[in-house]
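Excluded from the calculations below are hydrogen atoms, water molecules and symmetry mates; all remaining heavy atoms, backbone and side chain alike, are included.
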Amino acid sequence: MAEPRVGHIHFLNILPLTWSFAHGGNRGLHLVPGVPAELNRELLAGRLDVSGISSIIYAQGDESLVILPDICVRTDKAVTSILLVTKKPLEEIRDDRIILTAKSATSHCLLKIILKEGYDASPNYYVRHIVPQNPVPDDAAGSLFIGDDALWLYHHRREDLHYYDLGAEWHKLTGLGMVYSLWTANRTFARESPEKLQLVYERLVRGMAEGVANKYATIESVREEKDFTFQQLEEYLQVIHWDLKDEHLEGLELFYRKAHELNLINHVPKLCFADVKRI
Ligand SMILES: C=C(O[C@@H]1C=C(C(=O)O)C=C[C@H]1O)C(=O)O
(Lines give C-alpha, C1' and ligand atoms only; values in the text may rest on other atoms or scores of the structure.)
Protein backbone atom coordinates (compact mmCIF):
# COMPACT_ATOMS: atom_id res chain seq x y z
CA MET A 1 0.00 0.00 0.00
CA ALA A 2 1.53 3.35 -1.04
CA GLU A 3 2.23 5.64 1.88
CA PRO A 4 0.12 8.79 2.06
CA ARG A 5 2.05 11.89 0.98
CA VAL A 6 1.97 14.39 3.83
CA GLY A 7 3.30 17.96 3.63
CA HIS A 8 5.19 19.10 6.71
CA ILE A 9 5.84 22.82 7.34
CA HIS A 10 9.42 22.99 8.49
CA PHE A 11 8.98 25.81 11.03
CA LEU A 12 9.68 25.84 14.76
CA ASN A 13 5.98 26.53 15.32
CA ILE A 14 5.34 22.78 15.02
CA LEU A 15 8.54 21.65 16.71
CA PRO A 16 6.77 19.05 18.90
CA LEU A 17 5.45 17.29 15.79
CA THR A 18 8.79 17.52 13.95
CA TRP A 19 10.49 15.96 16.98
CA SER A 20 7.98 13.14 17.14
CA PHE A 21 8.32 12.45 13.41
CA ALA A 22 12.11 12.27 13.85
CA HIS A 23 11.62 9.71 16.63
CA GLY A 24 9.53 7.12 14.82
CA GLY A 25 6.20 8.97 14.80
CA ASN A 26 6.32 9.18 11.00
CA ARG A 27 5.80 5.42 10.46
CA GLY A 28 3.67 4.78 7.39
CA LEU A 29 3.84 8.39 6.15
CA HIS A 30 5.74 9.80 3.20
CA LEU A 31 6.68 13.23 4.55
CA VAL A 32 7.36 16.16 2.23
CA PRO A 33 8.96 19.14 4.01
CA GLY A 34 8.47 22.68 2.76
CA VAL A 35 7.43 26.23 3.52
CA PRO A 36 3.69 26.98 3.56
CA ALA A 37 3.55 28.56 0.08
CA GLU A 38 5.11 25.44 -1.50
CA LEU A 39 2.94 22.97 0.39
CA ASN A 40 -0.22 25.02 -0.32
CA ARG A 41 0.51 24.72 -4.03
CA GLU A 42 1.44 21.03 -3.91
CA LEU A 43 -1.71 20.06 -2.00
CA LEU A 44 -4.01 22.01 -4.32
CA ALA A 45 -2.27 20.40 -7.33
CA GLY A 46 -2.99 16.95 -5.86
CA ARG A 47 0.70 16.06 -5.46
CA LEU A 48 0.14 15.73 -1.68
CA ASP A 49 -2.71 13.84 -0.01
CA VAL A 50 -2.67 15.76 3.28
CA SER A 51 -0.70 18.81 4.39
CA GLY A 52 -0.30 21.47 6.97
CA ILE A 53 -1.24 24.55 4.95
CA SER A 54 -1.97 28.26 5.33
CA SER A 55 -5.52 28.51 6.70
CA ILE A 56 -6.57 30.92 3.91
CA ILE A 57 -5.85 28.17 1.34
CA TYR A 58 -8.75 26.10 2.64
CA ALA A 59 -11.01 28.93 1.43
CA GLN A 60 -9.25 29.07 -1.93
CA GLY A 61 -9.59 25.31 -2.44
CA ASP A 62 -13.16 25.60 -3.81
CA GLU A 63 -14.35 22.72 -1.63
CA SER A 64 -11.62 20.38 -2.84
CA LEU A 65 -10.22 20.10 0.73
CA VAL A 66 -11.48 18.76 4.06
CA ILE A 67 -10.10 19.80 7.47
CA LEU A 68 -8.57 17.29 9.87
CA PRO A 69 -10.13 17.90 13.30
CA ASP A 70 -8.36 18.64 16.60
CA ILE A 71 -5.11 20.08 15.24
CA CYS A 72 -3.98 23.46 13.93
CA VAL A 73 -1.43 26.23 14.56
CA ARG A 74 -3.09 29.07 16.47
CA THR A 75 -2.58 31.73 19.12
CA ASP A 76 -4.92 33.51 21.50
CA LYS A 77 -3.14 36.86 21.12
CA ALA A 78 0.48 37.62 20.19
CA VAL A 79 2.23 35.11 17.91
CA THR A 80 5.82 36.49 17.85
CA SER A 81 6.52 34.75 14.53
CA ILE A 82 4.39 36.83 12.16
CA LEU A 83 5.87 40.29 12.13
CA LEU A 84 5.50 43.43 10.07
CA VAL A 85 8.71 45.47 10.24
CA THR A 86 8.42 49.10 9.11
CA LYS A 87 10.56 52.22 8.78
CA LYS A 88 7.78 54.46 10.11
CA PRO A 89 4.82 53.96 12.46
CA LEU A 90 1.83 52.19 10.91
CA GLU A 91 -0.33 55.28 11.41
CA GLU A 92 1.84 57.02 8.79
CA ILE A 93 1.65 54.25 6.17
CA ARG A 94 -0.47 55.28 3.15
CA ASP A 95 0.38 54.19 -0.40
CA ASP A 96 3.86 53.02 0.57
CA ARG A 97 5.46 49.83 -0.70
CA ILE A 98 5.21 46.77 1.58
CA ILE A 99 7.06 43.55 0.75
CA LEU A 100 5.35 40.27 1.65
CA THR A 101 7.41 37.15 2.28
CA ALA A 102 7.03 34.61 -0.53
CA LYS A 103 6.70 31.80 2.04
CA SER A 104 3.21 32.71 3.22
CA ALA A 105 -0.45 33.05 2.25
CA THR A 106 -2.48 33.53 5.45
CA SER A 107 -0.35 36.37 6.81
CA HIS A 108 -0.66 38.29 3.52
CA CYS A 109 -4.45 38.41 3.96
CA LEU A 110 -4.20 39.03 7.69
CA LEU A 111 -1.98 42.05 7.10
CA LYS A 112 -4.27 43.49 4.41
CA ILE A 113 -7.26 43.17 6.74
CA ILE A 114 -5.44 44.71 9.71
CA LEU A 115 -4.03 47.64 7.74
CA LYS A 116 -7.35 48.39 6.01
CA GLU A 117 -9.62 48.03 9.03
CA GLY A 118 -7.28 49.04 11.82
CA TYR A 119 -5.23 51.76 10.13
CA ASP A 120 -7.31 52.77 7.09
CA ALA A 121 -4.29 52.01 4.91
CA SER A 122 -4.10 50.22 1.54
CA PRO A 123 -0.39 50.27 0.67
CA ASN A 124 1.12 48.67 -2.42
CA TYR A 125 1.98 45.05 -1.72
CA TYR A 126 4.67 43.04 -3.49
CA VAL A 127 5.49 39.38 -2.87
CA ARG A 128 9.22 38.79 -2.86
CA HIS A 129 11.96 36.71 -1.25
CA ILE A 130 13.27 38.62 1.79
CA VAL A 131 15.83 37.79 4.47
CA PRO A 132 15.84 38.83 8.15
CA GLN A 133 19.44 40.11 7.87
CA ASN A 134 18.11 42.95 5.67
CA PRO A 135 14.63 43.33 7.14
CA VAL A 136 13.36 46.26 5.07
CA PRO A 137 14.87 46.60 1.57
CA ASP A 138 15.77 50.13 0.41
CA ASP A 139 12.84 50.37 -2.00
CA ALA A 140 10.19 49.53 0.66
CA ALA A 141 8.58 51.06 3.75
CA GLY A 142 8.04 47.71 5.41
CA SER A 143 8.21 43.93 5.11
CA LEU A 144 6.19 41.03 6.41
CA PHE A 145 7.97 37.94 7.75
CA ILE A 146 6.65 34.64 9.06
CA GLY A 147 8.02 31.54 10.76
CA ASP A 148 11.57 31.21 12.07
CA ASP A 149 12.68 34.36 10.18
CA ALA A 150 10.08 36.41 12.03
CA LEU A 151 10.90 34.81 15.37
CA TRP A 152 14.57 35.66 14.85
CA LEU A 153 13.66 39.29 14.07
CA TYR A 154 11.47 39.40 17.15
CA HIS A 155 14.58 38.69 19.23
CA HIS A 156 16.94 40.95 17.23
CA ARG A 157 15.18 44.28 17.10
CA ARG A 158 16.74 47.42 15.69
CA GLU A 159 16.15 50.80 17.31
CA ASP A 160 15.36 52.51 14.01
CA LEU A 161 12.58 50.11 12.96
CA HIS A 162 8.99 49.46 14.16
CA TYR A 163 7.70 45.96 14.83
CA TYR A 164 4.07 44.80 14.71
CA ASP A 165 2.94 41.36 15.84
CA LEU A 166 0.00 40.33 13.63
CA GLY A 167 -1.47 37.99 16.24
CA ALA A 168 -1.61 40.87 18.72
CA GLU A 169 -2.93 43.27 16.03
CA TRP A 170 -5.67 40.78 15.03
CA HIS A 171 -6.69 40.41 18.66
CA LYS A 172 -6.75 44.20 19.06
CA LEU A 173 -9.02 44.49 16.02
CA THR A 174 -11.41 41.60 16.75
CA GLY A 175 -10.97 40.46 20.37
CA LEU A 176 -10.39 36.94 19.00
CA GLY A 177 -7.57 34.47 18.52
CA MET A 178 -6.32 33.42 15.09
CA VAL A 179 -5.80 30.08 13.32
CA TYR A 180 -2.83 30.37 10.95
CA SER A 181 -2.47 26.81 9.76
CA LEU A 182 -4.81 23.85 9.29
CA TRP A 183 -4.09 20.29 8.29
CA THR A 184 -6.30 19.46 5.33
CA ALA A 185 -6.75 16.48 3.01
CA ASN A 186 -7.74 16.34 -0.62
CA ARG A 187 -11.40 15.37 -0.65
CA THR A 188 -10.87 12.59 -3.21
CA PHE A 189 -8.08 11.05 -1.11
CA ALA A 190 -10.28 11.29 2.01
CA ARG A 191 -13.16 9.52 0.22
CA GLU A 192 -11.08 6.82 -1.47
CA SER A 193 -8.55 6.07 1.32
CA PRO A 194 -10.28 6.36 4.70
CA GLU A 195 -7.76 4.03 6.45
CA LYS A 196 -4.82 6.10 5.26
CA LEU A 197 -6.60 9.28 6.30
CA GLN A 198 -7.18 7.79 9.75
CA LEU A 199 -3.50 6.88 10.00
CA VAL A 200 -2.39 10.42 9.10
CA TYR A 201 -4.83 11.95 11.59
CA GLU A 202 -3.58 9.68 14.40
CA ARG A 203 0.08 10.28 13.57
CA LEU A 204 -0.48 14.06 13.63
CA VAL A 205 -2.51 14.27 16.82
CA ARG A 206 -0.50 11.66 18.76
CA GLY A 207 2.79 13.03 17.44
CA MET A 208 2.00 16.57 18.54
CA ALA A 209 0.95 15.32 22.00
CA GLU A 210 4.10 13.22 22.32
CA GLY A 211 6.30 16.19 21.40
CA VAL A 212 4.50 18.44 23.88
CA ALA A 213 5.04 15.84 26.62
CA ASN A 214 8.80 15.85 25.82
CA LYS A 215 9.29 19.61 25.74
CA TYR A 216 12.85 19.60 27.05
CA ALA A 217 14.05 17.08 24.47
CA THR A 218 12.26 18.83 21.60
CA ILE A 219 13.97 22.14 22.39
CA GLU A 220 17.38 20.53 22.89
CA SER A 221 17.03 18.77 19.53
CA VAL A 222 17.23 22.07 17.60
CA ARG A 223 19.59 24.10 19.80
CA GLU A 224 22.64 23.33 17.63
CA GLU A 225 21.09 24.22 14.31
CA LYS A 226 18.87 27.19 15.31
CA ASP A 227 19.96 30.60 16.55
CA PHE A 228 17.68 30.75 19.60
CA THR A 229 18.23 30.27 23.32
CA PHE A 230 16.50 27.55 25.29
CA GLN A 231 14.40 30.20 27.04
CA GLN A 232 13.33 31.85 23.77
CA LEU A 233 12.16 28.52 22.39
CA GLU A 234 10.44 27.56 25.62
CA GLU A 235 8.54 30.86 25.62
CA TYR A 236 7.65 30.41 21.96
CA LEU A 237 6.17 26.97 22.55
CA GLN A 238 3.90 28.52 25.18
CA VAL A 239 2.66 31.19 22.77
CA ILE A 240 1.68 28.74 20.01
CA HIS A 241 -1.23 26.33 20.56
CA TRP A 242 -2.05 23.23 18.52
CA ASP A 243 -5.47 22.13 19.74
CA LEU A 244 -8.48 23.06 17.64
CA LYS A 245 -11.78 23.34 19.51
CA ASP A 246 -15.14 24.83 18.49
CA GLU A 247 -14.34 28.05 20.34
CA HIS A 248 -11.28 28.63 18.12
CA LEU A 249 -13.31 28.48 14.92
CA GLU A 250 -14.90 31.86 15.62
CA GLY A 251 -11.62 33.68 14.87
CA LEU A 252 -11.07 31.60 11.74
CA GLU A 253 -14.58 32.21 10.41
CA LEU A 254 -14.31 35.94 11.07
CA PHE A 255 -10.97 35.93 9.22
CA TYR A 256 -12.67 34.31 6.20
CA ARG A 257 -15.55 36.80 6.31
CA LYS A 258 -13.20 39.76 6.46
CA ALA A 259 -11.00 38.32 3.70
CA HIS A 260 -14.11 37.96 1.56
CA GLU A 261 -15.19 41.55 2.24
CA LEU A 262 -11.82 42.68 0.88
CA ASN A 263 -12.15 40.38 -2.15
CA LEU A 264 -9.18 38.30 -1.06
CA ILE A 265 -11.25 35.09 -1.44
CA ASN A 266 -14.21 34.34 -3.72
CA HIS A 267 -16.52 32.93 -1.08
CA VAL A 268 -16.74 32.36 2.68
CA PRO A 269 -16.16 28.62 2.99
CA LYS A 270 -18.22 26.24 5.09
CA LEU A 271 -15.92 24.45 7.51
CA CYS A 272 -16.04 20.83 6.41
CA PHE A 273 -14.23 18.32 8.63
CA ALA A 274 -12.87 14.93 7.59
CA ASP A 275 -14.81 11.92 8.82
CA VAL A 276 -12.20 10.33 11.10
CA LYS A 277 -12.51 8.45 14.39
CA ARG A 278 -11.40 11.00 16.99
CA ILE A 279 -8.75 10.01 19.49
C1 LIG B 1 2.35 31.06 13.29
C2 LIG B 1 2.80 31.01 12.06
O3 LIG B 1 1.91 30.64 11.12
C4 LIG B 1 2.28 30.15 9.83
C5 LIG B 1 1.79 31.10 8.85
C6 LIG B 1 1.36 30.72 7.61
C7 LIG B 1 1.01 31.73 6.55
O8 LIG B 1 1.14 32.94 6.81
O9 LIG B 1 0.60 31.35 5.45
C10 LIG B 1 1.24 29.35 7.32
C11 LIG B 1 1.46 28.42 8.26
C12 LIG B 1 1.75 28.75 9.66
O13 LIG B 1 2.67 27.84 10.14
C14 LIG B 1 4.20 31.35 11.75
O15 LIG B 1 4.51 31.85 10.68
O16 LIG B 1 5.04 31.13 12.61
Side-chain angles (χ1 to χ4, degrees), residues 6-26 29 31-40 51-55 57 71-85 100-108 110 129-133 135 143-157 163-168 170 177-183 203-244:
V6 179
H8 184 71
I9 295 176
H10 218 310
F11 284 168
L12 286 168
N13 65 33
I14 52 165
L15 178 59
L17 185 60
T18 305
W19 181 87
S20 157
F21 281 167
H23 290 80
N26 61 343
L29 309 184
L31 289 184
V32 178
V35 299
E38 292 161 353
L39 298 179
N40 296 342
S51 187
I53 55 160
S54 306
S55 52
I57 293 300
I71 185 165
C72 72
V73 175
R74 65 171 188 86
T75 63
D76 291 326
K77 294 180 184 171
V79 56
T80 72
S81 59
I82 303 188
L83 280 194
L84 176 68
V85 186
L100 307 173
T101 166
K103 296 180 181 176
S104 170
T106 290
S107 76
H108 295 180
L110 194 58
H129 181 67
I130 40 179
V131 291
Q133 290 73 19
S143 329
L144 178 69
F145 287 87
I146 69 164
D148 302 2
D149 293 344
L151 187 64
W152 187 88
L153 282 168
Y154 180 82
H155 291 292
H156 296 84
R157 291 169 189 239
Y163 296 81
Y164 299 90
D165 178 313
L166 292 207
W170 171 256
M178 174 66 195
V179 176
Y180 308 96
S181 183
L182 293 166
W183 273 265
R203 289 278 185 267
L204 291 171
V205 174
R206 288 221 170 91
M208 194 66 91
E210 195 197 4
V212 169
N214 287 280
K215 186 177 77 177
Y216 186 87
T218 62
I219 295 174
E220 278 303 322
S221 73
V222 290
R223 289 254 281 121
E224 298 257 297
E225 83 185 80
K226 301 278 183 184
D227 187 14
F228 297 102
T229 66
F230 188 94
Q231 198 195 345
Q232 286 167 348
L233 292 173
E234 190 175 31
E235 271 171 27
Y236 184 49
L237 297 184
Q238 277 163 10
V239 166
I240 305 283
H241 301 289
W242 304 282
D243 58 328
L244 179 60

From [X] atom [atom1] to [Y] atom [atom2], the distance as rounded to the nearest 0.5 Å:
X: Thr218; Y: Leu17; atom1: OG1; atom2: CG; result: 11.5 Å
X: Cys72; Y: Ile14; atom1: SG; atom2: CD1; result: 11.5 Å
X: Ser51; Y: Asn40; atom1: OG; atom2: CG; result: 7.5 Å
X: Arg74; Y: Asn13; atom1: CZ; atom2: CG; result: 13.0 Å
X: Phe11; Y: Tyr180; atom1: CZ; atom2: OH; result: 13.5 Å
X: Leu31; Y: Asn26; atom1: CG; atom2: CG; result: 5.5 Å

Using atom types as modelled and distance alone, determine if a side-chain donor or acceptor of [X] lies under 3.5 Å from a backbone N or O of [Y].
X: Asp165; Y: Ala168; value: yes
X: His108; Y: Thr101; value: yes
X: Arg206; Y: Arg203; value: no
X: Thr229; Y: Gln232; value: yes
X: Asp148; Y: Leu12; value: yes

Measuring only between side-chain heavy atoms, which start at C-beta, is [X] closer than 4.5 Å to [Y]?
X: Ile146; Y: Leu166; answer: no
X: Lys103; Y: Asp149; answer: yes
X: Ile82; Y: Leu144; answer: yes
X: Val73; Y: Trp242; answer: yes

Minimum heavy-atom distance [X]-[Y], with the two atoms named:
X: Pro132; Y: Pro135; result: O-CD, 3.3 Å
X: Leu83; Y: Thr80; result: CG-O, 4.3 Å
X: Trp183; Y: Met208; result: CH2-CE, 4.0 Å
X: Tyr163; Y: His156; result: OH-O, 4.0 Å
X: Ser54; Y: Pro36; result: OG-CB, 3.6 Å
X: Ala102; Y: Ala37; result: O-CB, 3.2 Å

**Prompt:** Using the ring of each side chain (for Trp, its six-membered ring), is Phe230 parallel, tilted or perpendicular to Tyr216, with breaks at 30° and 60°?
**Reply:**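 Tilted: the ring planes of Phe230 and Tyr216 meet at 30° to 60°.
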**Prompt:** Do the ring planes of His8 and His10 sit parallel (below 30°), tilted (30 to 60°) or perpendicular (above 60°)?
**Reply:** perpendicular
**Request:** Keeping to residues at least two apart or across chains, list the salt bridge (Lys or Arg N to Asp or Glu O under 4.0 Å) pairs with something in residues 15-24.
**Result:**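 For residues 15-24: none.
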**Message:** Among residues at least two apart in sequence or on other chains, which ones pass side-chain hydrogen bond (donor to acceptor under 3.5 Å, both in side chains) with Thr106?
**Reply:**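 Counting only residues at least two positions away or on another chain, Thr106 forms a side-chain hydrogen bond (donor to acceptor under 3.5 Å, both in side chains) with Ser55.
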**Neighbour count >12 (heavy atoms, 6.0 Å) for atom CD, Glu225** =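 Result for CD/Glu225: enclosed.
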**Item:** Lys226, NZ: over 12 other non-hydrogen atoms inside 6.0 angstrom
**Value:** yes
**Request:** Quick one: do Phe21 and Leu204 satisfy side chain to side chain contact (heavy atoms under 4.5 Å, CB included)? Show the steps, please.
**Result:** CA-CA 9 Å; Phe21 281 167; Leu204 291 171; 4.0 Å; yes
Expected list for residues 233-240: side-chain donor-acceptor pairs under 3.5 angstrom, two or more places apart:
residue: Glu234; atom: OE2; partner: Lys215; partner atom: NZ; Å: 3.1
residue: Glu235; atom: OE2; partner: Gln231; partner atom: NE2; Å: 3.4
residue: Tyr236; atom: OH; partner: Ser81; partner atom: OG; Å: 2.7

